[in-house]
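Input: a single structure, listed below in C-alpha cells.
Quick note on labels: first sequence line is chain A, next is B, and so on, each numbered from 1.
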Protein chains: 2
Amino acid sequence: MVGIKDVAEAAGVSTASVSRVLTNQPNVTPELREKVMAAVKQLNYRPNLVARSLRSQQSNTIGLIVSDIRNPFFTAISRAVEDTAYQQGFRVILCNTDEDAEKETLYLNLMRDENVAGIIFSPTRQTLANFSALDLNFPTVVVDRSIKNINVDSVLLDNVAAAYRLTNHLIENGYQRIGAIFGEASTTGAERRHGFLEALKDHNLTSLPGLLKTAPPKIENGYESALEMLKSGTPPEAIFTSNSMLGAGVLMAIREMKFNMPDDLALVTFDDTAWASLVQPAITVIAQPTDEIGKTATQLLLQRIAEPGRPTRKVILDGELIVRGSSAARSLALHIPVLKV
Amino acid sequence: MVGIKDVAEAAGVSTASVSRVLTNQPNVTPELREKVMAAVKQLNYRPNLVARSLRSQQSNTIGLIVSDIRNPFFTAISRAVEDTAYQQGFRVILCNTDEDAEKETLYLNLMRDENVAGIIFSPTRQTLANFSALDLNFPTVVVDRSIKNINVDSVLLDNVAAAYRLTNHLIENGYQRIGAIFGEASTTGAERRHGFLEALKDHNLTSLPGLLKTAPPKIENGYESALEMLKSGTPPEAIFTSNSMLGAGVLMAIREMKFNMPDDLALVTFDDTAWASLVQPAITVIAQPTDEIGKTATQLLLQRIAEPGRPTRKVILDGELIVRGSSAARSLALHIPVLKV
DNA sequence: AGGATTATTGTAAACGTATACAATGAGTCT
DNA sequence: AGACTCATTGTATACGTTTACAATAATCCT
C-alpha cells in the first residue's frame, strides 16, 4: 500500500505539502504541485478516503433512504440523485426501508455511524411524527413527503393540486362513481386523497362507501382493493390510485375481471411508469418530474452541507397531467342509456 | 461526540476492554461485558465506523456496480443484494455505469479508495476484456456477465439454453421469419444470440438479413430497430429481444405501427417485468431468478471476504420460460392461407 | 509450594490522512 | 539596514478505533 508518506518521500517534500496539493488548497507554488503530482502519478497513489474522512471529520458520501427501490418512482429518484451526487464528487449509500419505521431508525443510525455528510430521505408518517425527537445531527433533505412546522429542506410535489387535476379530468370526462385507493404509509397519500375529495366536492359529488380505500403501496394491495370494488354489486365507473404500485394492482384486477378500459372502468394513477404507456389503452397519469426532484434534492443537500446555517427551503414542483386512453370521455351510449339498442 | 474513551471512563475499564466487548471477542468476563454495556447504553455510545475501518483495515460496506438501475433486472438484483447484505451487517454502495467503460474504471477506483470489503459487478465486454489487467485487489463477484479463463466468482444465467428454449418455443408455435435484437454492451447479449441461432439451425431455419440486430440495451434502440424491421417490405412474424429494455421499445413500435399481437407479430423477450404481464396480450418471457441471483452473489462475496483463499466458483442458474399470449400458436388461417375466405 | 501455563485486562502504538502551529524565506516599508 | 508582514513549507499531533504486547491474576501441575 502506497501512502502519503511514500509520495512525500518520492517528491522530496513533507506529507503536509502533499496533502495540501491533493486537497487543492491555495498557497502552494506551481513547482510544489508539479513535484507532488509527478510523484503521485509515478507511484499511482490514491488517497485513502477512510483516513481522510476520519481526520477531517467529514465525508463525501451521502445516504439515500427510500422505501422501495422497486417502485419506479424511487428508482428514478435514486438515479437522478446518484448522477448529480457523483458528479459533484459525492458517493451514495442506498437503503430500502420497506416503509418500516424500525428499519428507518436502523438506517438513520447507520448513517450517523458512517459519518455521512448528509441524507436524502422519504420518511414514513410514523417517523415524520416524531421527527424532531430523533434530531438528525447531519444535513437532511426530505423528498416526496411533506413535513410541517419543522425546519428542514424538502422537495415535493404539489400533491393536492395534482390529485385535484387528475380527479377533475375524470369528472369532466363524464365519470361520476369514482373509486380511489391511496397509499397509507406516507403523507403523500393523505394529501392526494385530500385533493381527490376536494375535486369531488367542487362537482357536488361525494365519496362512496367501499370506494375509498387506503393501503400500503404494494401491487397486491391495489389488486385486492380493486377486486373488492369490482366484485361489489355497484362497481365504480373509474378508479383513481395514488401511486403506480397500486395502479398496477388495479390493472391486474381489471384484467382478471375482464373489464374493458375505459368503457367498463376508467383508470388514472400517479407516476408515469413504463407500463402506463405500453398498456392498451394507455393509462392517464400525473407524471412527476422525478429527475428534477432527485436533482434538486441533491443540490439542496450539497448546499446545506457547504453552508449549514442557510435558511431551509421547501421546493414544490408541479406534476404533469398526461391524458391517455384509459380515461377517455365516456361514450354517449353509456351516458344516455336511453339511446341504447 | 461520545467516544470509546468516555465509555471506558464511565465503566471504569480500559478502552481496549470496551473495544473487545463491542467487537464480540472471546475471553471477556460477563462482569466486564455488563459494565461496558451499561456504560454504552447510558452514554448512548455508537462506535465510529470510519475509525474502526481505518484501524482494522477492513470495512463492512460492499460496492454494487450495475449498468442501469432503471433496468428492472438490475433493480431487482440490487434489492436482493441489499437485503442480504444488510442482513449480514454489510452496507451497500450503489453505482450506475451506463455501460460506460470509463465510468466503470472510475467507480472501480472509487471502491478501492473507499476501502470496500468487496464488490458485485456486471462489467461491460470492454472492461471484461482486460479484466485481469485491472487486477482488483479486493474480492469481486461478477453477475449477469460471463467471464472466461479468469478466476473470479460469478453467478449468471444459462443464457444459451434460455435463449434456445425461447426461440424453440416460437418455432414450435409456427413462427418462422423471426427477427431478433440483442444487447451489445455485455457478453449476455452475445450468448443469447448464440442460443437463438442454434435454435434456428436445429430447425433448418436461417437468420434473415435485416432481422438480426444488435444495440445498446435502451428502450429507444429497441424502438428504432423494430421500426426498421416492421417498415421493411418483408416484416418478421415474430421478434425476439434479449432484454426488457429492448422489448419495451419493440412494443412501442408495434403500437405505433398498429400491428396486432400475436397475429401480425409475436413478441418474446427476456426478463419478467411488471409491464410484460400487464400488457395485452401478455408477453412471453424468460424470467430470470433475480432474487436468487442477487442473494447468491452476495453470499458468494461474503464468503470470499471471510475466506479469501477459497476456490472460486461459477453458479449458473436456469431461466424460466413463461408462455403468454404474445407468442400464441399461429392461427390456422395464417398457416394455411388456402383455407382463407 | 513454587514454577509454568492460561485467562483476563491494561498500556500504548498504529491505521493514513488533515491541520494547528512553528519555521523559514522573500518582500516591504521606514 | 533592520523590523515587519506575508506566503510557503515543514513538524508533529489528532481523528476514534483496534490490537500487539505487557502485565497481572488465576489455575494447574509435579
How would you label the contact of A:V13 with the nucleic acid (heavy atoms, under 4.0 Å): base, sugar-phosphate, or nothing? sugar-phosphate
In whole angstroms, how far is the C1' atom of D:dT19 from the CZ atom of B:R52? 13 Å
What contact category does A:L49 fall into here, base, sugar-phosphate, or nothing, at under 4.0 angstrom with non-hydrogen atoms? nothing
Considering every strand and a 4.0 Å limit on heavy-atom distances, what is the contact class for A:V18: base, sugar-phosphate, or nothing? nothing
Touch class at under 4.0 angstrom, heavy-atom based, for A:L32 against every strand present: sugar-phosphate
Is B:S17 near enough to C:dT9 that one of its side-chain N or O atoms lies under 4.0 angstrom from OP1 or OP2? no
Could you tell me whether the phosphate oxygens of C:dT9, OP1 or OP2, come under 4.0 Å of any side-chain nitrogen or oxygen in B:T29? yes
Whether A:N48 side chain and A:V50 backbone form a donor-acceptor pair below 3.5 Å: yes
Looking only at side-chain N and O atoms, does B:E99 offer a donor or acceptor that is under 3.5 Å from a partner on B:S67? yes
Taking the side chain as everything from C-beta on, heavy atoms only, tell me whether B:L49 gets closer than 4.5 Å to B:R91. yes
Are A:R55 and D:dA14 close enough that a side-chain N or O sits under 4.0 Å from OP1 or OP2? no
Looking at every strand, decide which applies to A:S53 at a 4.0 Å heavy-atom threshold: base, sugar-phosphate, or nothing. nothing
In whole angstroms, the gap separating P of D:dA14 from CD of A:Q58 amounts to 20 Å
To the nearest angstrom, how far is B:E9 atom CD from D:dG16 atom P? 15 Å
Is A:Q57 close enough to C:dT17 that one of its side-chain N or O atoms is under 4.0 Å from OP1 or OP2 there? no
Between atom CG in A:D113 and atom P in D:dG16, what is the gap in whole Å? 14 Å
Nearest-angstrom distance from the residue atom OH of A:Y45 to C1' of C:dT17: 7 Å
Starting at the 5' end of DNA chain C and moving along, which residue's nearest nucleotide shows up first, A:I4 or A:R20? A:I4
With sequence neighbours left out, the residues meeting salt bridge (Lys or Arg N to Asp or Glu O under 4.0 Å) with B:E104 are none
For C:dT8, does either OP1 or OP2 sit under 4.0 Å from a side-chain N or O belonging to B:N27? yes
As a test of reading the structure: which of C:dT11, C:dT17, C:dG16 is closest to the side chain of B:A16, going by heavy atoms? C:dT11
Within this structure, what is the CG-to-C1' distance between A:L43 and C:dG16, rounded to whole angstrom? 15 Å
I need the CG-P distance between B:L54 and C:dA18, as an integer number of Å. 12 Å
Can a side-chain donor-acceptor contact be found between B:Q25 and B:T23 if the only test is distance below 3.5 angstrom? yes
Would you say C:dA18 has OP1 or OP2 under 4.0 Å from some side-chain N or O of A:S56? no
Separation of atom NZ in B:K5 from atom P in C:dG10, rounded to whole Å: 16 Å
Counting only heavy atoms not in B:R313, do more than 12 fall under 6.0 Å of its CZ? no
